[in-house]
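Worksheet: the structure to be examined is printed underneath.
Just so you know, residue 1 is the first one in the sequence shown, and it goes up from there.
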Amino acid sequence: MAQAIHLAGHGLYTTAPNPRVGCVLTQNNVLIASGWHQKAGGPHAEIVALTAAGANARGATAYVSLEPCSHHGRTPPCADALIAAGVKRVVAAMVDPNPRVSGQGLKKLHEAGIDVSWGLLEDDAKALNPGFILRMQEQGPWVRAKVASSLDGRSAMASGESKWITGPAARADVQRWRAQSGALVMGINSILRDDPSMTVRQHDWLGQLPELWHTEPIQQPLRVVLDSHLRIPLSSKILVQDGKTLVLTLPDTLEQQKHKVRQLSETGIDVISGLPSDQRLDLTDVLQQLVQRDINEVLVESGPTLTGAFLHEGLIDELILYMAPKLMGEQAQAAFILPGLERMNQCPPLRIKDIRQVGEDVRIIASPQRADPHNN
């Protein structure tokens with residue numbers, strides 16, 4: 001099962017909106033074939049492994065990181081393929097959270113006389129697909145926020161200068177988080193200040209990111225700009241004409257700036273309205289709109305105001321903080337703006353999940369201390 005989960009990780013940057021799944025087939029505890037799901041619309045992990053095994057699959061045991069599907073989607077049910085191949089035992093790490101499956105695949109296998117079990121290395125399997133699980137069970141994406149700061153918690157000089165706080169290794173590491181995200185979210189102030197392109201640039205980091213080089217191309221995430229009053233310049237780098245940029249604005253703005261909306265639309269930019277909340281976009285509604293686009297994982301890469309708002313509203317599942325060995329002083333801009341904090345018991349508690357050095361910088365991964373049904 002550990003091998004199946006490892007194989008599933010090969011699809012970390014290519015399978016969205018599908019889950020990452022791996023499969024291993026054994027005969028008498030000897031591996032005979034394996035496979036993983038590479039991209040949506042392509043063969044599932046079980047089919048890849050069964051094809052590689054051929055007739056040797058009869059009487060085999062299948063270890064799968066996710067319950068085999070039982071319904072017709074883009075591809076036929078994997079449960080039917082396992083039955084037809086004559087597999088005698090199926091071990092799943094976890095039950096599929098998709099309500100269309102959710103135990104039905106295991107039930108179909110059991111009714112066909114196949115020995116089934118589940119729960120082996122379940123936590124490891126869940127850790128591979130936090131966004132898919134959350135979207136299936138709670139209709140919400142898994143939200144990460146990436147922040148770069150100095151040791152004294154500053155994200156930019158008072159002038160707004162912020163390039164570069166962190167070193168090359170940390171900036172390369174960020175490409176990994178971008179690549180596995182279905183959407184990157186930024187506020188308009190960050191666009192106006194930095195004019196970023198917000199793409200996965202594995203070509204810029206040749207040699208530092210070998211895992212981003214696949215036979216399947218890396219999926220560029222949807223670039224999402226929160227722009228309540230549609231201030232985005234038409235020359236912005238983020239407005240790359242590849243159908244992967246979404247601008248959210250307020251309903252009144254959409255009505256008042258029809259000409260600019262038309263200009264953006266003519267260049268392939270999708271401009272839609274979101275629910276208002278105190279003269280700005282409602283962040284919960286923003287995330288729901290992304291779920292409707294089958295987005296599993298969201299990476300917020302923005303300034304202290306928007307990142308602080310996501311944190312304040314309890315919408316962050318993971319915080320990825322890169323701390324550079326620099327001191328920027330009290331006049332520099334804070335990494336987070338969290339209004340209303342006056343006492344220690346009001347400070348949002350975080351649980352540190354991982355700390356490691358990345359080049360000259362330190363990367364901390366933390367999550368809010370709240371009930372976590374996925375044990376991530």
Inset, instruction - Evaluate the criterion side-chain contact (heavy atoms from CB on, under 4.5 Å) for residue pair Leu128 and Val21; output intermediate values, then yes/no. - result: CA-CA 9 Å; Leu128 266 178; Val21 184; over 6 Å; no

Is the backbone of [Y] close enough, under 3.5 Å, to the side chain of [X] for a donor and an acceptor to pair up by distance?
X	Y	answer
Arg178	Thr199	yes
Ser273	Leu250	no
Arg20	Leu12	yes
Asp96	Val101	no
Thr245	Ile238	yes
Arg223	Leu184	no
Lys146	Trp177	no
Ser236	Leu239	no
Asp282	Thr284	yes
Gln139	Met136	yes

Inset, instruction - In plain terms, say whether Glu318 and Lys353 are close enough for a salt bridge, that is, a side-chain N and a carboxylate O under 4.0 Å apart. - result: yes

Legend entry - Ion pair Lys126/Asp123, N-O distance below 4.0 Å: no

So do [Y] and [X] actually touch side chain to side chain, heavy atoms under 4.5 Å?
X	Y	value
Thr26	Tyr63	yes
Asp354	Ile364	no
Met1	Val91	yes
Arg293	Leu222	yes
Arg144	Asp317	no
Leu25	Leu31	no
Ser235	Asp195	no
Met94	Leu66	yes

Legend entry - Under the side-chain contact (heavy atoms from CB on, under 4.5 Å) test, residues paired with Lys88 that sit two or more places apart: Thr61

Legend entry - Within 6.0 angstrom of Lys107 NZ, more than 12 heavy atoms from elsewhere: no

Tell me yes or no: between the side chains of [X] and [Y], is some donor less than 3.5 Å from an acceptor?
X	Y	answer
Thr166	Arg171	no
Asp285	Gln289	yes
Asn189	Arg231	yes

Legend entry - Trace of the side-chain contact (heavy atoms from CB on, under 4.5 Å) decision for Met186 with Ile191: CA-CA 7 Å; Met186 292 195 78; Ile191 301 297; 3.9 Å; yes

Legend entry - Pair Met328-Asp152, side-chain contact (heavy atoms from CB on, under 4.5 Å): steps then yes or no: CA-CA 7 Å; Met328 297 170 65; Asp152 52 349; 4.3 Å; yes

Inset, instruction - Any chance you could lay out the side-chain contact (heavy atoms from CB on, under 4.5 Å) test for Ser190 and Arg193, step after step, and finish with the verdict? - result: CA-CA 5 Å; Ser190 295; Arg193 183 185 66 241; 3.7 Å; yes

